[in-house]
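Data first, discussion second: the structure below is written as structure tokens.
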Amino acid sequence: MTEQRKRVLSGMRSTGKLHLGNFVGALDNWVRMQDQYDCFFFVADWHALTTDYADTSQVKRNSMDVSLDWLAAGLDPDRSTLFIQSHVPQHAELHLLFSMITPLGWLERVPSYKEQRENITEKDLGTYGFLGYPVLQAADILIYKGDLVPVGEDQVPHVELTREIARRFNQFYSLTSPTSAVVFPEPQPLLTPAAKLPGTDGRKMSKSYGNTILLTDPEPVVRQKLKTMMTDPARVRRTDRGNPDVCPVGDLHKIFSDRETNARVDSGCRTAGIGCIECKKWAADSLMRILDPIQARRKKYEENPRLAWDILESGSEKAKKVAAQTMAEVRDAMGMSLAFEAPDRAGGAK
Ligand code: TRP
Ligand code: SF4
């Protein structure tokens, strides 16, 4: 039965404690996929190094924080394989081999590469590793022969590139096995329906903007952040009518509040029947309904972090088995297996 389930694979860079944007943009979706698919989820700590190579003191801590948030949000080691990328060294081996066959032009054309080289000026991203970011991602995906890769829109070009690398590898090297001649299937991106989640300043919620609400924020912090959250700028006084469709708090309600609350917000705001303070209080109530069970579950692991670590380690062991099997096929297809072969006496004159 498990054999027939499609394999889902995705990763998240180890950026530290996750925020609501990570939750609605990825994590919540992953949690729901667990019953339907054979899921592999990993913390991409090597990918974090592509930009944060100069100071690695927080990498491990950050991986741990991401892992705790995953378990807290409901990723379940009984149904999914959860692990840390750098604990499965086969990713690096496959990355090396892919780097041999990937034309530079493919990498220089990747939109996120161009964008980040232009926008991130405080770090030197003129490194080999940064250019190779999508090659490592291709190795992450293909080493598990992932069928589906749930990602946000910005990551689709990386999955496209993964397909091109798979095709090129299959063209150069093929297995002699009668059952399947190609080593790598081509994965499909599975676009996460992107709810527009604004941060406290109204811009997209993002760690780099400092406008996040963390999954770990205690209730008073959540309420305080909402109190200072931006609202419909046209609604200056209590008596002004507002429009929840142009208000970041209105957006939060649409994502996290039930129908009734949304109806009360909509009419109350448009008629100036409610004040923003009240409206924000309701938004905080809705957020806490989501965050309370997550925080309760996280507490269990915080009290016993060893438990979380062991889960990730046994996930790594499971992942390593699959990865090693793929690497054996890769070596085979490339004519570089570890098996003994007698030297060719004809000296290559075939
Ligand atoms: N690049 C992805 C991101 O920034 C993270 C990632 C690394 C990933 N390896 C992956 C996502 C493999 C999907 C599949 O979000
Ligand atoms: Fe925004 Fe609510 Fe104020 Fe309307 S009442 S402007 S939706 S915070």
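All values reported here derive from a predicted model rather than from experimental measurement. Counting starts at 1 for both ligands and their atoms, in listed order. Count residues from 1 along the sequence.
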ask   = So which of Thr81, Ile141, Asp140, Ile143 actually passes side-chain contact (heavy atoms from CB on, under 4.5 Å) with Phe40?
value = Thr81
message = Show the atoms of ligand 1 that are less than 4.0 angstrom away from any heavy atom in Arg13.
response = 4 (O)
ask   = Which of the atoms of ligand 1 are close to Val149, meaning less than 4.0 Å from one of its heavy atoms?
value = 13 (C), 14 (C)
request  = Report the nearest protein non-hydrogen atom to atom 5 (C) of ligand 1: residue, atom name, distance rounded to 0.1 Å.
outcome  = Gly11 O, 3.6 Å
request  = Spell out, yes or no, whether Leu142 and Trp106 are grouped together once hydrophobic residues are joined by side-chain heavy atoms under 4.5 Å, including indirect joins.
outcome  = yes
query = Under 6.0 Å between the ring centres of Tyr113 and His158?
reply = no
query = Considering only the protein, which heavy-atom contact is closest to atom 2 (C) of ligand 1, and what is its distance?
reply = Gln155 OE1, 3.3 Å
ask   = Using a cut-off of 2.8 Å, how many protein N, O or S atoms lie below it in distance from atom 2 (Fe) of ligand 2?
value = 1
query = Can you tell which of Phe40, Phe41, Tyr133 gets a heavy atom nearest to atom 1 (N) of ligand 1?
reply = Tyr133
query = Under 4.0 Å between a Lys/Arg side-chain N and an Asp/Glu carboxylate O for Glu260 and Arg264?
reply = no
Going by atom type alone, with no hydrogens or angles, which donor-acceptor pairs under 3.5 Å involve a side-chain atom of residues 182-193 and a protein atom two or more places apart or on another chain?
from   : atom 1 : to     : atom 2 : distance (Å)
Glu186 : OE1    : Arg163 : NH2    : 3.3
Glu186 : OE1    : Arg167 : NE     : 3.4
Glu186 : OE1    : Arg167 : NH2    : 3.2
Glu186 : OE2    : Arg167 : NE     : 3.0
Thr192 : OG1    : Val151 : O      : 3.3

ask   = Which residue owns the protein heavy atom closest to atom 9 (N) of ligand 1, what's the atom, and how far is it?
value = Asp140 OD2, 2.7 Å
query = Any idea which atoms of ligand 1 are less than 4.0 Å away from a heavy-atom of Phe42?
reply = 9 (N), 10 (C), 12 (C)
task = Using a 4.0 Å heavy-atom cut-off, say whether Ile141 meets ligand 1 through its side chain, its backbone, both or neither.
result = side chain
query = Which residue pairs pass the ring-ring contact (aromatic ring centres under 6.0 Å, His included) test with at least one member in residues 49-79, sequence neighbours excluded?
reply = Trp30-Trp70
message = Ring centres under 6.0 Å, that's the criterion: do Tyr173 and Phe98 meet it?
response = no
task = Indicate, as side chain, backbone, both or neither, the part of Gln85 found under 4.0 angstrom from ligand 1 when only non-hydrogen atoms are considered.
result = neither
ask   = Quick check: are there more than 12 heavy atoms from other residues, nucleotides or ligands sitting under 6.0 Å from NZ of Lys123?
value = yes
request  = Quick one: look at Val159 and ligand 1, take heavy-atom pairs under 4.0 Å, and tell me if it's side chain, backbone, both or neither.
outcome  = neither
key: Nearest-neighbour protein heavy atom for atom 7 (C) of ligand 1, which is reported as residue plus atom name and distance   = His47 ND1, 3.3 Å
request  = Mind listing the closest non-hydrogen atom pair of Arg241 and Arg270 along with its distance?
outcome  = CG-O, 3.1 Å
task = Identify, for atom 8 (C) of ligand 1, the protein heavy atom at the shortest distance, and state residue, atom and that distance.
result = Gln137 NE2, 3.5 Å
task = Supply the members, apart from Leu49, of the Ile/Leu/Val/Met/Phe/Trp/Tyr cluster built from side-chain contacts under 4.5 Å; use none for a lone residue.
result = Trp46, Val59, Leu136
key: Asp69/Lys17 salt bridge by N-O under 4.0 Å criterion   = no
inquiry  = Under 6.0 Å between ring centres: does that hold for His87 and Trp309?
reply    = yes
